[in-house]
Asker: 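Just dropping this structure here.
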Amino acid sequence: MRNFILRRLFLGIFITFFGAMVVYSVIRALPTSYVETIARQRATNPLSTKTYQEWLDQLNQVYGLDKGIIPGFVGWLGNAVRGDFGDSWHYGVPVIQKFNDVVWISFIMNIITLLVEVLIAIPLGIMAATKQYSRADYAITVFALMGISLPTFFLATILKYVFSIKLGWFDLYGLTGRFFSTMTPIQQFFDKAYHLVLPVFTLMMLSIGGLMRYTRTNMLEVLNSDYIRTARAKGLSENVVINKHAFRNTLIPLVSYLSYLLPSMFGGALITETLYQIPGIGFISYQAITRGDIPFAMFYTTFLIILTQVSLLVADIMYAVVDPRVRVN
Amino acid sequence: MTDNDKITEKQDAVAPAPEVETEEMALDDARRLKVLSPGMLVFKRFIRNRLAVIGLGILVVMFIFAFLGPFFSPYKQTQVFKGIGSMSKEYASATYNTELRYNVADGEAFGPGDRAQFLLAIGKNQSTFTSGANTFSISKESESTYRLLRLEPVAEELLGRVNPVNGATLSDALIEMYKKAKDNNQTSFVVDGVTYYLVPKLKATQISTAKDIALASLVVFDAYKPADTANVNSFAFKLGSIMAIIQDKKTFDVNGQVYKLVEEGGLSTIYNSAGEAYAEVSDIIVNPVDQANFLPVDFKRIIRETINNRQDRFTFKDETGTDVNYTIVRVNTIYNIKRDTPIELIRMYERPSLEHPLGLDNNGMDLMTRLMYGGRVSLLVGFVVIFLEVVIGVIVGGISGYFGGWVDTALMRFVDLFNSIPFYPMVLIFGSVMDALQVEPMVRIFLLMAVLGILGWTGVARVVRGQILSLREQDFLVATEATGIRTSRRIFRHLVPNVMPLLIVQATAGLGGVIISEATLGFLGLGVKYPLASWGSIINVASDAYVMTNYWFMWIPAGLLILLTVLGFNFVGDGLRDAFDPKMKR
């Protein structure tokens with residue numbers, strides 16, 4: 001087991017390295033209008049003794065943009081492993097600081113979504129499996145497929161149209177209301193929670209279908225297995241069969257499925273946050289990326305790659321926790 | 001009796017029992033299933049799945065809509081619909097005249113210096129004033145009209161003695177009347193129909209006759225015929241008409257011509273003896289904004305009437321006889337007359353109509369037609385991307401699964417690497433790069449397909465590898481190895497057909513995902529670009545809150561099309577999965 005984890009860890013580092021390199025080489029193709037803007041600003045400063053071109057060259061050197069892709073990447077990596085991801089061009093503060101400011105709102109949003117999702121999807125998935133081909137099964141399947149088929153932006157736009165514009169229940173955008181600064185801390189908390197209702201609902205609708213179907217498929221597989229027939233043959237009540245014998249075995253794949261959701265916990269929901277302009281890591285990154293903020297984009301993508309690797313590792317470990325057979329091998 | 005019948009009879013005669021048996025067998029499910037080919041089996045199972053059939057139906061409709069629809073659409077994809085709208089353009093301005101206009105009698109002079117003295121005098125409420133060598137008398141005829149008379153002294157009184165001036169002869173009656181007037185502190189007296197004015201001059205008093213020199217009035221004259229302008233603006237005509245208006249006369253004569261005066265709503269119209277409208281008298285000045293425009297008197301009249309009636313719009317026929325609407329906007333003391341000028345406008349955001357069932361979009365293009373062509377792009381992008389994914393996935397997964405060993409390890413790490421690259425950030429970066437390089441819309445679509453394909457093939461590769469790994473262990477493949485069949489034949493004849501069902505399922509279910517990704521990019525404005533369209537880029541207008549709020553018909557249809565198509569693919573994919581999976585008995 002330890003060897004396995006070590007191997008997995010090594011592999012993760014290897015993949016992170018090359019993944020970051022691939023991303024870096026693509027990002028270098030981004031327009032560096034930021035550097036040009038800064039260079040122009042400094043060149044037009046009356047105190048400046050350098051021309052625009054000299055400033056541009058100097059800035060390019062500082063950011064390693066004058067070097068080739070590989071030396072540039074090595075330079076970036078050298079700083080990154082020491083925890084220095086540079087200053088965000090778009091936000092003007094250290095990348096790490098900006099990340100720290102915004103990641104928690106994404107995390108909270110996703111945790112709430114996950115809890116609600118699990119509470120709804122797993123029971124419904126089990127129900128669909130136990131009553132296969134019943135009307136309830138069809139309804140759940142169609143609902144799940146609808147959720148999968150809905151594009152995020154369309155669902156969000158419809159929700160905004162109905163609940164924000166037609167009914168006027170929620171604000172169209174943002175995390176805080178108009179009078180946020182004059183509120184007491186408790187009111188501020190509820191204001192934020194209120195603004196998170198639609199985003200969380202959107203996220204939930206989009207991911208609930210997948211989990212529901214996954215639960216249903218795995219539950220069906222378990223229900224078709226021999227030990228369930230044995231349990232029934234023993235004369236156990238249907239409740240015990242489902243909840244004790246079947247459901248516990250369904251947990252194995254479910255746990256790994258939930259581990260794969262880890263990247264989205266911290267990685268934020270780029271599209272949903274952008275649509276509702278929730279200042280979480282997704283929205284902030286979207287703005288940084290579309291404006292050519294190379295340090296932030298590099299940090300965000302690398303962060304996501306690392307998260308994916310960690311989630312794979314966690315999934316494997318979780319497998320071992322819930323399935324004793326894995327531990328033995 | 002035919003031969004056939006004979007044979008049947010013979011069979012019947014020989015073996016009656018088996019026939020009973022075959023009939024029993026025909027009812028048996030197991031026996032009947034044996035007759036069907038594997039493909040037919042899958043098809044039957046698929047058809048029995050209601051959701052899958054619904055999905056298939058949706059997809060057929062979508063394909064007809066997107067690929068055949070454009071042939072029936074009367075419009076082109078980039079046809080812009082324009083309409084004649086009206087734009088208010090400033091055409092004329094009007095204001096109540098606040099500056100006195102002077103009219104000087106023929107052969108006389110009333111220069112700027114005289115005018116300045118006159119204005120000072122009326123400011124001080126004097127009835128006479130002196131300017132240069134001349135003395136003038138002001139005769140206030142109405143609030144807005146002054147007659148200016150030049151006094152010509154006939155006599156001068158000093159210490160009770162009246163002496164003639166300029167060789168005039170003085171009658172006794174005149175002296176008598178003068179003394180009366182002087183005693184009564186009058187400023188004028190009349191003798192024999194001639195008005196004499198008393199003007200104090202130091203200690204003396206001058207007795208003068210007066211001559212009409214000028215007219216100062218706020219009233220504006222407009223001649224109906226340009227040829228009459230000179231006469232209308234002549235001193236005599238103005239004096240005659242203004243006096244007639246002030247004195248409420250119906251007729252007056254100037255130079256032997258008789259004119260009729262009609263007053264209506266604060267406006268006076270003067271008709272000549274022939275009964276034709278001759279001139280307009282008003283206190284409102286109307287000027288064209290563009291000096292090149294000539295404003296007819298009727299037009300000025302209607303403006304004045306509208307202003308006097310405190311209305312803000314009127315209609316006037318232009319040269320071609322069509323009605324043109326005008327609106328009057330008041331800014332302080334100036335009335336701006338705006339003409340509704342017809343102008344060619346793009347019919348943006350037009351509501352659905354019979355002509356355009358889903359209305360017109362932000363570029364004035366028929367939305368229904370755009371949706372059809374957009375559907376082509378969306379579906380084609382979906383298919384091409386899935387094709388790319390399957391090709392790359394089958395090659396990598398196939399090699400990996402078939403050869404195993406270090407090849408497998410290396411390729412799978414490669415798959416892991418690609419799998420770890422975050423999708424949306426990466427696609428956003430690509431979109432920004434393409435924006436910066438200003439890639440042509442058509443090229444952009446192909447690049448987009450390539451990017452989506454390259455980022456999405458890992459799933460297929462994994463599935464193919466897994467399937468081939470498990471197939472390799474199966475007896476039939478061991479048998480092919482044992483019989484010494486060529487490698488290529490083993491792969492293409494025995495392995496690939498067994499991977500096919502899984503690939504079809506994977507591809508069908510994946511299509512929905514690709515269409516969503518493409519639409520999301522389009523929505524964010526990083527996908528397909530104008531003038532081409534995809535369903536996602538059509539919804540893009542909804543990112544503008546104003547459009548989203550006011551023009552729901554602009555984005556709901558495209559969204560529903562995406563939803564239905566993806567749903568269709570998912571239903572069919574689901575149905576295929578169940579149909580191919582023998583474990584699922586429906």
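This structure is a prediction, so every number in the text was calculated from the model and none was measured. Here is the naming used below: chain letters follow the sequence lines, and residue numbers restart at 1 for every chain.
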Asker: Which of parallel (below 30°), tilted (30 to 60°) and perpendicular (above 60°) describes Phe163(A) and Trp169(A)?
Answerer: tilted

Asker: Given that the side chain runs from C-beta out, which part of Ile539(B) has a heavy atom under 4.5 Å from chain A: side chain, backbone, both or neither?
Answerer: side chain

Asker: Return the orientation label for the Trp457(B) and Phe414(B) ring planes: parallel under 30°, perpendicular over 60°, tilted otherwise.
Answerer: tilted

Asker: For Thr301(A), which atoms come within 4.5 Å of any heavy atom of chain B: side chain, backbone, both, or neither?
Answerer: both

Asker: Tell me which of these, Asn419(B), Leu428(B), Ile421(B), has more heavy-atom pairs under 4.5 Å with chain A than the rest.
Answerer: Leu428(B)

Asker: Side chain, backbone, both or neither: which part of Phe18(A) has a heavy atom under 4.5 Å from chain B?
Answerer: both

Asker: Tell me, for Leu11(A) versus chain B, whether the close heavy atoms (under 4.5 Å) come from the side chain, the backbone, both or neither.
Answerer: side chain

Asker: For Phe418(B), is it the side chain, the backbone, both, or neither that has a heavy atom closer than 4.5 Å to a heavy atom of chain A?
Answerer: neither

Asker: Taking every heavy-atom pair that is under 4.5 Å apart, which of Val22(A), Thr308(A), Ile15(A) has the most such pairs with chain B?
Answerer: Ile15(A)

Asker: With chain A, which of Asp435(B), Leu564(B), Leu560(B) has the greatest number of heavy-atom pairs at distances under 4.5 Å?
Answerer: Leu560(B)

Asker: For chain A, which of Asp416(B), Asn570(B), Thr565(B) has the most heavy-atom pairs under 4.5 Å?
Answerer: Asn570(B)

Asker: With a 4.5 angstrom heavy-atom cut-off, could you sort out which part of Ile165(A) is near chain B: side chain, backbone, both or neither?
Answerer: side chain

Asker: May I ask you to say whether Arg8(A) pairs ionically with Asp316(A), meaning some side-chain N is under 4.0 Å from a carboxylate O?
Answerer: yes

Asker: For Ala66(B), does its backbone N or O pair with a side-chain atom of Arg376(B) as donor and acceptor, under 3.5 Å?
Answerer: yes

Asker: Which atoms of Thr141(A) come close to chain B, meaning under 4.5 Å heavy atom to heavy atom: side chain ones, backbone ones, both, or neither?
Answerer: side chain

Asker: Does any heavy atom of chain B fall under 4.5 Å from the side chain of Ile271(A), the backbone, both, or neither of them?
Answerer: side chain

Asker: Considering only heavy atoms, which portion of Ser149(A) lies under 4.5 Å from any heavy atom of chain B: side chain, backbone, both, or neither?
Answerer: both

Asker: Tyr276(A) and Thr202(A): side-chain donor and acceptor closer than 3.5 Å?
Answerer: yes

Asker: Counting only non-hydrogen atoms closer than 4.5 Å, does Leu155(A) touch chain B with its backbone (N, CA, C, O), its side chain (CB onward), both, or neither?
Answerer: neither

Asker: Fit a plane to each ring of Tyr551(B) and Phe553(B), take the angle between them on a 0 to 90° scale, and name the class: parallel (under 30°), tilted (30 to 60°) or perpendicular (over 60°).
Answerer: perpendicular

Asker: Roughly how far, to the nearest 0.5 Å, is OH of Tyr161(A) from CG of Leu172(A)?
Answerer: 12.0 Å

Asker: Show your reasoning for whether salt bridge (charged side-chain N to carboxylate O under 4.0 Å, His left out) applies to Asp408(B) and Arg413(B).
Answerer: CA-CA 9 Å; Asp408(B) 180 32; Arg413(B) 293 301 81 84; over 6 Å; no

Asker: At a heavy-atom separation under 4.5 Å, does Ile305(A) approach chain B through its side chain, its backbone, both, or neither?
Answerer: both

Asker: Do Met449(B) and Glu518(B) have side chains that approach each other closer than 4.5 Å (heavy atoms only, starting at C-beta)?
Answerer: no

Asker: Need one label for Ile515(B): side chain, backbone, both or neither, based on atoms under 4.5 Å from any heavy atom in chain A.
Answerer: neither

Asker: Taking side chain as everything from C-beta outward and backbone as N, CA, C, O, which of these in Leu150(A) sits under 4.5 Å from a heavy atom of chain B? Side chain, backbone, both or neither.
Answerer: both

Asker: Which one wins on heavy-atom pair count under 4.5 Å against chain B: Thr152(A), Leu312(A), Thr16(A), Thr290(A)?
Answerer: Thr290(A)

Asker: Examine Phe46(B) together with Phe580(B) and report whether their ring centres are nearer than 6.0 Å.
Answerer: no

Asker: Any idea how Phe73(A) and Trp76(A) line up, ring-wise: parallel (<30°), tilted (30 to 60°), or perpendicular (>60°)?
Answerer: parallel

